[in-house]
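The block underneath contains the structure these notes are about, expressed in structure tokens.
Residue numbering restarts at 1 for every chain, and letters A, B, ... go by the order of the sequence lines.
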Amino acid sequence: MINPFVEEIALQVSHATNMPADEVRALLETPPRPEMGDRALPCFALAKTLRKAPHLIARELAAQMATGGRISEVRPTGPYLNFFLSKTHLIAETLWAILDQGAEYGRGDEGVGKTVVIDFSHPNIAKPFGIHHLRSTVIGNALRNIYRALGYKVVGVNHLGDWGAQFAKLILAWNYWGEGELTADITIQKLLELYVRIHEEIEDKPELEREARAWFRRLEAGDEEAVRMWRVCVEASFKEFDRVYKMLDIGFESIAGESFYQDKMPAVLAQLREQGLLTQSEGASIVDLEAWDMPPFIALRSDDATLYGTRDLAALMYRWKTYRFEKLLYVVDVAQSLHFRQLFQVLELMKCDWREKCVHVQFGRLRFKDGGGASTRRGNVIFLEDVLHRAIELTRQIMADKNPDLPNREQIARDVGIGAIIFADLDSKRVRDIAFDWDEVLNFNGETGPYVQYTHARYCSVLRRYAGPLPPRDVNFELLNETEAVEVVKCLARFPDQIQKAADEYEPAAITALMVELCVVANRFYNAHQVLSGRADLTAARVALVYAIKTVLASGLALLGMKAPEQM
RNA sequence: GGGGCAUUAGCUCAGUUGGAUAGAGCACUGGUCUCCGGAACCAGAGGUCACAGGUUCGAAUCCUGUAUGUCCCA
């Protein structure tokens with residue numbers, strides 16, 4: 001989506017300097033303070049080509065700019081050429097666009113006819129849905145919404161960890177300590193206990209390790225009993241995952257776990273061999289990556305155990321064949337970055353010219369302030385479900401205190417409590433580790449999820465009290481000239497660009513940041529001006545602004561995967 | 001040992017890809033309400049952008065080295 005105001009500036013400058021409009025657009029920036037203008041052209045870059053001092057260029061260019069339309073004033077300030085946008089144009093164009101398009105505002109069509117595959121969440125079967133899966137799940141889901149808003153066909157893939165030696169260990173454990181036949185009634189909690197217990201046992205009696213391996217071979221060979229027990233574990237796990245996904249309101253277009261690619265690995269190995277990429281080393285078949293300063297990619301190990309590298313390669317091939325994606329995003333922990341660098345390098349060696357379409361969207365890890373990490377083997381896991389319930393419970397308490405007579409309280413408590421968790425995760429940029437601190441996550445004051453939802457609910461309340469039709473037509477936008485209102489409009493106008501940025505950088509935090517900014521200016525406006533005033537025309541104009549705020553907040557929250565309750 | 005990522009206010013984080021006086025929230029101190037939702041708003045205080053060099057008109061941002069944290073690799 002093109003910003004008509006930026007376009008206008010770019011064209012005018014381009015005309016005056018013979019610089020391509022694209023280059024001008026790239027140079028434009030926003031001045032640090034609003035009094036200085038709305039957009040600025042730094043003239044340093046021009047100084048070299050024009051062989052003139054930047055401040056002189058700014059002065060000369062200022063004289064050549066036409067004002068009166070979208071641009072109201074052009075002012076040279078030192079080496080900067082500062083543009084002031086016409087408030088009237090800006091307000092009218094932005095608000096009309098939002099009032100017209102409603103929830104469609106900010107969406108784009110760059111992705112029409114293209115597919116983006118997003119691999120996210122991927123919890124492990126027979127293990128609890130721990131809080132360490134939160135990030136991938138929430139970031140991936142937000143990206144799914146964002147790309148969809150730009151017109152892409154999005155395929156969200158849940159690449160479940162449903163294959164591996166841990167199942168053999170579980171089967172072994174059940175055979176030792178389980179009662180009767182293993183059925184899908186078994187809880188994850190129970191499976192986890194078995195898993196922890198067998199691990200302790202193996203430490204004492206290493207011979208159990210061999211037994212487990214034997215079971216795993218049976219499983220891989222398709223042994224009836226082994227496969228049946230494996231299937232039970234998968235089924236039992238799904239029950240728990242579904243519960244969490246329902247709470248988060250997240251879905252997938254494709255659920256294809258590791259087991260799905262079991263039979264697709266030989267073909268990949270054959271191709272590697274054919275292309276002469278495999279070499280032998282210590283009994284294993286590897287792809288040598290020394291030329292790229294990386295350890296070898298292990299395609300096949302000496303003990304013929306399964307390898308997730310080869311499996312990932314098989315998954316990649318399958319996805320390319322199936323979807324012909326424009327992009328394939330792996331929303332995976334930063335700890336896996338070497339693995340993906342190797343994987344993509346192998347792709348290149350295999351002459352897959354679509355290698356550049358594959359991206360590891362990495363993110364930092366959750367750190368716990370009290371030092372307690374999360375290790376499944378030792379059993380000290382923080383369950384995501386517990387975290388969500390705790391947030392919901394706190395929300396209930398706050399609501400009982402602030403708004404005890406609300407209808408539909410239970411649903412709202414869920415929307416807000418879960419929203420707080422999601423927002424806390426998406427609030428800072430992906431690459432950073434997140435310091436998870438209960439006091440901070442459950443503090444709903446300041447720039448938080450509940451703050452954004454509150455602002456939305458507050459304005460919904462204003463709109464409920466407004467008697468006229470929504471959105472109001474026949475609005476005199478001139479009446480919105482106060483600085484507080486103009487600041488809101490400027491923020492609203494940035495929404496489309498920000499969605500684009502979030503997609504380009506795979507960074508949902510771009511949306512979060514804009515939401516907070518919008519709430520700050522919106523609340524400032526609320527505090528400074530009475531929306532429902534005695535004057536009909538003024539009220540209509542302000543209601544139009546409020547309606548636009550509400551619309552964009554609701555859209556933004558939806559992109560983040562959060563609910564926008566009308567009361568809370 | 002080799003490599004990746006990070007380091008900005010007491011804490012948690014922004015910083016528009018090299019530009020103008022480095023910004024928010026939490027916590028702290030003080031203030032705003034006869035009025036549409038106080039989960040709000042305003043103000044104050046809080047900084048050697050880890051450290052040292054380099055690149056240039058100009059560096060929190062780029063390059064080199066060092067330190068610290070964290071993860072990965074046999």
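Of the candidates B:G37, B:C36, B:A39, the closest approach to any side-chain atom of A:Q530 belongs to B:C36. Nearest nucleotide to the side chain of A:Y454, out of B:U70, B:A39, B:C41: B:A39. Distances from the side chain of A:S461 to the nucleotides B:C41, B:G37, B:C36 place B:G37 closest. The A:A457 side chain lies nearest to B:G37 when the options are B:U16, B:A20, B:G37. With distances taken from any side-chain atom of A:E447 to the nucleotides B:G25, B:G37, B:A20, the minimum falls on B:G25. When the nucleotides B:G15, B:A40, B:A39 are ranked by their closest atom to the side chain of A:K429, B:G15 comes out on top. Closest to the side chain of A:V462, from the set B:G37, B:U12, B:A40, is B:G37. Listed nucleotides B:C73, B:A20, B:A39 differ in distance to A:P295; the shortest reach to its side chain belongs to B:C73. For A:L338, the side-chain atoms get nearest to B:C72 when compared with the rest of B:C36, B:C72, B:C41. The side chain of A:N443 approaches B:A27 more closely than any other nucleotide in the set B:A39, B:G25, B:A27.
An OP1 or OP2 oxygen of B:G4 is reached within less than 4.0 angstrom by no side-chain nitrogen or oxygen of A:R341. Phosphate proximity of B:A39 to A:Y526: absent, as no side-chain N or O sits under 4.0 Å from OP1 or OP2. When the side-chain nitrogen and oxygen atoms of A:N445 are compared with OP1 and OP2 of B:A40, one or more of them lie within a distance under 4.0 Å. Look at A:R465 and you'll find a side-chain N or O under 4.0 angstrom from OP1 or OP2 of B:G37.
Using a 4.0 Å cut-off between a side-chain N of Lys or Arg and a carboxylate O of Asp or Glu, A:R39 and A:E8 do not qualify as a salt bridge. In summary, A:D504 and A:K501 do not engage in a salt bridge, as defined by a charged side-chain N under 4.0 Å from a carboxylate O.
For B:A14, there is no paired nucleotide, since no Watson-Crick or G-U wobble pair has both relevant distances below 3.5 Å. Under the Watson-Crick and G-U wobble criteria, each requiring two contacts below 3.5 Å, nucleotide B:C62 is paired to B:G54. Of the nucleotides present, B:G69 is the one that pairs with B:C5 by Watson-Crick or G-U wobble criteria, both distances under 3.5 Å.
A:D288 and A:T279 form no side-chain donor-acceptor contact under 3.5 Å, judged by distance and modelled atom types alone.
Checked against the 6.0 Å centroid criterion, the rings of A:H339 and A:Y308 qualify as a close aromatic pair. Ring centroid separation for the pair A:Y451 and A:F423 does not come in under the 6.0 Å cut-off.
Between the base of B:A14 and the side chain of A:D427 there is no donor-acceptor pair shorter than 3.5 Å. On a pure distance criterion of 3.5 Å, a polar donor-acceptor pair joins the side chain of A:R33 and the base of B:U21.
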Anything under 3.5 Å between a protein N or O and an N or O of nucleotides 54-59 of chain B, put it in a table, one pair a line.
none

